[in-house]
2 protein chains.
Amino acid sequence: MVADSYPPVICTVDVVLLTLRDDALHVVLHKRDREPFRGALALPGGYVHQQEDQGAEDAAVRVLRDKAGIASPYLEQLATLSGPGRDPRGWSVSIAYYALVPLQLVPVDAAHLRVLPADRLPTLPFDHGRIVELAVSRVRVKSHYSSLPVHLCGERFTLPQLQAVYEAVLGEPVNKVSFRRKMDELAMLEPIDGELELGRANRPAQLYRVRREFRRTLSLSERGLGT
Amino acid sequence: MVADSYPPVICTVDVVLLTLRDDALHVVLHKRDREPFRGALALPGGYVHQQEDQGAEDAAVRVLRDKAGIASPYLEQLATLSGPGRDPRGWSVSIAYYALVPLQLVPVDAAHLRVLPADRLPTLPFDHGRIVELAVSRVRVKSHYSSLPVHLCGERFTLPQLQAVYEAVLGEPVNKVSFRRKMDELAMLEPIDGELELGRANRPAQLYRVRREFRRTLSLSERGLGT
DNA sequence: CGAATAGTGTCTGTTAGACATTATCGA
DNA sequence: TCGATAATGTCTAACAGACACTATTCG
């Protein structure tokens, strides 16, 4: 064996916490409170804790709670990045996750957090810029054929609101009729009985919520939304 | 900080090496030559080597070469599994990859290797059974809308042969006309000029090969092959 | 009532699958 | 010439997108 003569591999998790603001995907970044890159904005992340984590996902959940004040968002493993150069401390592994959360749940005023547009980020430490790219691209692809974007909405929303969320994530307009057929096919929404979005000078929209069995998961469709 | 008082996280890679035999996906397993589970069949895997690996993928390539005698197959990261219980030596991370290779390139007679059907495997050590499930499911999903299965073919093949490969991977028959339209759309094949598969009592089939620019990558299509 | 947007009906072009037809080999 | 399979043409059913029409609210 060989490993014993070398320092341990540095084993961390990093989370791309995504939310929607002004119809654009934003990333929640965290001001680092220790070296390396102390004071820089970076993805919330941290070491795996052997004594408390039953797996890397536990570490990601803990990081989201402790560093971003977020509990139980939609969370999925993204990729694992590794190598000798990505962390100045040595050969490292980062198990990267992405999370989706409605803006209302983000503590936007916290001094150690920033919410920045995903497509206009400053240079980030480590390979965090690359990780954000991977996350955004994964979210875009999955949004074509799944219910992923509903996790960017709050508990109650109208179909026109949800369509706007899809359009923001996909970066292109979506046909209304096709969109509604697709949502129907995904079968993950239920109308909230008798609840309408009143107060505007037009026909009020029906309010919907995600069915209980899809709250922390996805519904997939065979064929995606067009273009 | 916390990590210093604990033993290092065990950092390994494991590779699900898939091939096609008798129209069924098979996994190449490796007889372990050291503890734990010495002598048991398991996925080819090993430690990350800090001094030679520029990343986990390098480790996967090295493992494939050293343990399975395979060079430069199609290789893609699958998932990362981790936790305190999956390896008896302690808290461990396995960065799992899957690889596709034509049967001709597998050293099927090597004493330390076994080629077993993916859907009828014995119980494997660690969580390798779970990793194989993930790999097979990933390959099935990707085969619906990509050129992934061509990596199970040799250099030259006919369209009927390739269709049989798709059907084996997907586990269901594929419409011939749709299949050919899809291959055409993927635009990754080129006929080998004047080369036909002669010798049988019927019209000979045109031989094709993968275009150079797709040799180690994929071509994706918007809409997949049907059910 | 008029403006505005929600929600739905319907038409049409595109695409996938079923089926039929032609092509080309060995025997 | 026959049997077999490759390769392709064509019809049809399913589906997505465009468009238009109806519904319902506020002012």
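To the nearest angstrom, C1' of C/dA6 lies 16 Å from CZ of A/Phe157. Rounded to whole Å, atom C1' of D/dA16 lies 14 Å from atom NE2 of A/His144. The nearest whole Å value for the distance from the CD atom in B/Gln163 to the P atom in D/dT5 is 14 Å. Following rounding to the nearest Å, B/Leu198 (CG) and C/dA23 (P) show an atom-to-atom distance of 19 Å. The distance from atom CZ of B/Phe179 to atom C1' of C/dA18 is 18 Å, rounded to the nearest whole Å. If you measure from atom CZ of B/Arg181 to atom C1' of D/dT10, you get 11 Å, rounded to the nearest angstrom.
With 3.5 Å as the limit, one finds no donor-acceptor pair spanning the side chains of A/Ser147 and A/Ser219. Side chains of A/Tyr98 and A/Glu76: a donor on one and an acceptor on the other come within 3.5 Å.
Residues that satisfy the salt bridge (charged side-chain N to carboxylate O under 4.0 Å, His left out) test with B/Arg156, not counting sequence neighbours, are B/Glu195.
Taking the six-membered ring for Trp and the full ring otherwise, the centers of A/Phe157 and A/Tyr208 sit at least 6.0 Å from each other.
Using the six-membered ring where Trp is involved, A/Tyr74 and A/His151 have ring planes that are parallel, under 30° apart on the 30 and 60° scheme.
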Tabulate below the donor-acceptor pairs under 3.5 Å that side-chain atoms of residues 130-138 of chain A make, not counting sequence neighbours, or state none.
| from | atom 1 | to | atom 2 | distance (Å) |
| --- | --- | --- | --- | --- |
| A/Arg138 | NH2 | A/Leu78 | O | 2.7 |

Just the atom pairs and distances: protein N or O near nucleotides 6-8 of chain D's N or O, under 3.5 Å.
| from | atom 1 | to | atom 2 | distance (Å) |
| --- | --- | --- | --- | --- |
| D/dA6 | O4' | B/Arg203 | O | 3.2 |
| D/dA6 | N3 | B/Arg203 | NH1 | 3.4 |
| D/dA7 | OP1 | B/Gln206 | N | 2.5 |
| D/dA7 | OP2 | B/Arg180 | NH2 | 2.9 |
| D/dA7 | N7 | B/Lys176 | NZ | 2.8 |
| D/dA7 | N6 | B/Lys176 | NZ | 3.4 |

